[in-house]
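Proteins get letters first, then strands, A, B, ... in listed order; numbering begins at 1 in each.
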Amino acid sequence: MSTATRTPAPQPPISDLPDAHQEPVDPKALPASARRAPLGFGVLALVSLIVFAFNAASQTVTFRISHDGDLFRVPDIVLPGMITGWLITAALVGLTVFAFLRVRSGRLTPTWAVVVFGFLFVAGFLVWVVGSARTPSVSLTGLLAGGVALSVPLVFGSLGGLMCERSGVVNIAIEGQLLFGAFSAAVAGSLSGNAWVGLLAAMIGAALVSLVLAVFSITYRVNQVIVGVVLNVLVSGLTGFLFATLLESDSGRFNSPPRLPSYSIPFLSDLPLVGRILFDQSIVGYFMWLAIPIVWFAVYRTRWGLRTRAIGEHPKAADTLGINVNRMRFLNVLLGGLIAGIGGSFYTLVSVTSFTRDMTSGAGYIALAALIFGRWNPIGAFLAALLFGFTSNLQSVLSFLGTEMPSQFLAMLPYIITILAVAGLVGASRGPAASGQPYVKE
Amino acid sequence: MKLELRGITKKFESFAANRDVSLTVEPGQIHCLLGENGAGKSTLMNVLYGLYRPTSGEILVNGQPVEFTGPSDALDQGIGMVHQHFMLVPVFTVAENVALGSESRKGASLDLETTRRKIREISDQYGFAVDPDAVVEDLPVGVQQRVEIIKALVRDAELLILDEPTAVLTPKETDELLAIMRQLKADGTSIVFISHKLREVREVSDVITVIRRGEVVGSVSPEASTSELAAMMVGREVSLSVDKEPAHVVQETLVVRDLTVVGDNGVTLLDDLSLSVAQGEILAIAGVQGNGQVEFVEALLGLRKSSGSIQLEGRELVGRSVRQVLDAGVGFVPEDRSHDGLVGAFSVAENLVLDLYKDSRFRSGPSLKRRAIASNADHRIQEFDIRTGSPQSAASTLSGGNQQKIVIARELSRPLKLFVASQPTRGVDVGSIEFIHQRIVAERDNGVPVIIVSTELDEVYALADRIAVFFHGRLMGIVGPDTPREVLGQMMAGATEAEAHGTDTDATSVPSTPWEEQA
């Protein structure tokens, strides 16, 4: 039930079919995944009851929204920890009951319920975790803006992966693409002294990783997962070796790239909350806001997208209609590399201005998880990446506030969410049917 | 369109799938290619559609020689193909599937509205009732096939290749397809119809070309008799009916009482079913597909939870595991052999001992006796005439009929107390059907109770000593093998035996509950 990626189609008027051949249709015959949604709701509502409600802090929690330079002030959100915890828990339980009743009457849990549930749960968690800190006051704007910034490379990694997977090639090598992109950007940016050259080098570097993936998995039909894993190890080793022999010994020459410019749009960037999140960004951040709708449009609204989805679902069908499956896959994998490379440049041209060994530290795998969590949809992948970015940012913010929660546990959060997401607790993900299968023309 | 094939030869390494095939399809003609599975019909059509390059020979369209490097070339020449396994993307809508490969565009974006309009036009013209926005995987098989036909027609196909189009259809859908074919023909479309079902072929074709072992055996008119056509296909006279002695019924050893199966969603799939089968008789279960036959067989084998009682020689089987049921002496041929009956990647030899690996003939301690397995394979391959390159070939490389022979050979290679075969000859060529039928009858004559599930009435009549008719999970009655087709047909549509015989039959002369009479 991938309602997020497919618009439900009206049932066709099949009037001339004999009744005898039709199986009796029972309204309760929902797919198993549909019945899991209320179950997931129930588990989370229980967590909310035990943690957010019973263990709520008694202090009031303050979320600051406006900052000194803002055009106008928005009052801070001040919430009593205990009452908010109980109210949110009540709402979550209510939604769970609603979802159970829907499924029992044979209908799907509506998407809005999932969204509202997710929002309330995150809100409940925030109130609880900030409430338990020594200083129960946090800047919501800073929290969100930091989260968005951290999710930029994840989004590009996911979009790059999407190009590959939608055309039927599993891309485990996102990690390698990000890392090699970051490395290429650092070296090329340093040597040329131009950040834009660095950005271009990041894209080409990641596309080189794609090229190896494409040659082995498409041309030579080696198992795509294995090629991807090997590539990640290879890139890690190669960049690590070059870092130790070259970059560290002469970091002035090889490892001090200039930073890509940041722009804050006058007036708009001074709006409270959204100003800092949307209109005060590095150039790569703006690229991200452009890339998401472009990729979405390309995948769902263009001829290229239709063909790409076709070769990822049923390559032989596409072949019988005159589409060159393997050539198209090859080009899409390269294109995916170019996109992932932009994400790689974020590490060495935006975030910091030097390369360090294995600096992407697993972001590629998180990007892959975001892609699956987001059901292979650009917008879904973006939202999932945003959630992961937000969680990592929350971890660092909370350690400043001095929460009782061990930071190791917070560091685990993105991965726990990933496992829950990938396990399909929030509704089963159905990927492109032919993903991972090489296409062999008879 | 007039299409000619001249001396087409297609070789795969040393094996010639087609040898010097020539045929001509006149405009507005339904030209049937008749042949057994593996005779080379599909290969020939893939050559014609540009999926394969011919080793030699030429293709002429309206008298002009053409060369196809891919399907798009064939499409450009007005040749469309409906593949046996549909070439539709399941998660796409009808419109997306039809548009794919020849999309119209508005600027950068896709213009599906034009495609939708074309689909509606064709759908109205031929009465297809296809909604352009329906998702293909939600559609019944018959409708999916119409989508394939629309795909070809939207591309202005003047010649349509239908590769075994009726293999996946119900009898009613088949009749509808034949009507569509006649209508297409009336509109001037040429059709190449590939099939091995003689009745359909004779009903709809203008010319029949018979292919055997990759070569054209001859062209005949549809007036030729069924046995003449069958003889041409297999190269020798085949008996479509099985020679069998009357059953020597010994003792009822399988007794099913009040068997009920309820599905996961609470629907009753099998309703209080009672029947019994005696040693030395074949009970055929007839019915339209999806009326409880699958559930009955699965319950029998322990694959499905059921209530009631199944007693085999006095031992209760309900509640036993599949392993225990098999050990009780039940041999089982599943409906879908490639999915449930075989492991395609395993060798023929391995598949022949798939459920016998615990047998002391093939096992010593934890290890398998490789030599015994190999000699068993040689023995069975010879006994059952399984045509394979080697016992070590992967089972999936064999033709359907030979795969089925592997399953049957395996199930019959141990002493049985009950033999159950579901659709034993579905998708199997005529020559193998005859052989498989003979083996089933031989098993009966050994004194084994046999249950055959088949949706093909011809097969039911050929094999049955008694016929049980299922409808909506209920037993409509058990009748003799000489019951007329019309009566059986009405029972399959939900009439009891008495109702099926009609009002003019004296109710007292017909047992209203035949299974009580049998018990």
Side-chain angles (χ1 to χ4, degrees), chain A residues 2 5-32 35 106 294 297-325 328 376 430-434 441-442, chain B residues 46 49-52 70-76 81 83 85-94 96-97 99-105 108-110 112 127 129-135 138-140 142-143 151 155 170 172-173 176 263-267 288-291 471-472 492-494:
Chain A
S2 49
T5 49
R6 292 199 287 127
T7 40
Q11 277 299 308
I14 312 155
S15 50
D16 56 335
L17 272 167
D19 290 338
H21 301 319
Q22 280 184 328
E23 297 274 340
V25 179
D26 187 77
K28 286 172 189 159
L30 282 177
R35 293 183 223 169
I294 289 175
F297 181 81
V299 168
Y300 292 108
R301 290 285 182 271
T302 67
R303 184 175 80 171
W304 171 85
L306 186 73
R307 293 182 171 191
T308 295
R309 285 182 288 141
I311 62 174
E313 291 284 352
H314 194 336
K316 195 162 183 199
D319 192 15
T320 57
L321 295 170
I323 294 166
N324 188 330
V325 174
M328 190 153 189
W376 290 268
R430 186 164 87 166
K441 220 178 152 120
E442 284 153 39
Chain B
N46 283 333
Y49 192 59
L51 281 167
Y52 296 156
S72 49
D73 292 349
L75 286 169
D76 290 345
M81 181 157 175
H83 296 261
H85 305 286
F86 299 149
M87 292 299 156
L88 296 170
V89 180
V91 297
F92 278 15
T93 63
V94 171
E96 287 176 320
N97 266 298
L100 186 66
S102 60
E103 305 86 347
S104 38
R105 284 188 289 178
S109 72
L110 204 59
L112 281 179
V130 171
D131 172 12
D133 291 313
V135 175
D138 299 336
L139 297 175
V143 180
K151 257 167 78 178
R155 288 165 173 78
T170 62
K172 181 151 192 280
E173 285 174 328
E176 286 165 359
D264 295 336
N265 45 23
V267 175
V288 177
Q289 209 168 354
N291 275 290
F471 177 73
H472 279 190
M492 285 163 70

**Request:** Determine, step by step, whether B:H83 and A:K316 satisfy the side chain to side chain contact (heavy atoms under 4.5 Å, CB included) criterion, reporting the C-alpha distance in whole Å, the side-chain angles of both residues, the deciding distance to 0.1 Å, and the verdict.
**Result:** CA-CA 11 Å; B:H83 296 261; A:K316 195 162 183 199; 6.0 Å; no
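- In this structure, A:L306 and B:F92 have side chains that are in contact, with non-hydrogen atoms separated by less than 4.5 Å.
- Evaluation of the side chain to side chain donor-acceptor pair (under 3.5 Å) rule for A:E313 yields no partner, not counting sequence neighbours.
- You'll find the side chain of B:L88 stays beyond 4.5 Å of the side chain of A:H314, heavy atoms only.
- With a threshold of 4.5 angstrom between heavy atoms, B:S102 approaches chain A through N, CA, C or O but not through any side-chain atom.
- Scanning both residues, A:G322 and B:P71, for their nearest heavy atoms gives N-CB, 4.4 Å.
- Most heavy-atom pairs under 4.5 Å with chain A: of the set B:V89, B:D76, B:V94, B:D73, this distinction falls to B:V89.
- To the nearest 0.5 Å, atom CD of residue B:E96 and atom OH of residue A:Y300 are 10.0 Å apart.
- Taking 4.5 Å as the limit, some side-chain heavy atom of B:L110 sits within range of a side-chain heavy atom of A:R303.
- Checked against side chain to side chain donor-acceptor pair (under 3.5 Å), A:N324 has no partners two or more places apart in sequence or in another chain.
- Only the side chain of A:I323 comes within contact range of chain B, with heavy atoms under 4.5 Å apart.
- For A:L321 against B:L75, the heavy-atom pair with the smallest separation is CA-CD1, 4.1 Å.
- For chain A, the nearby parts of B:L100 are the backbone and the side chain; heavy atoms of each come within less than 4.5 Å.
- Looking at B:Y49, only its side chain comes within 4.5 Å of chain A, counting heavy atoms on both sides.
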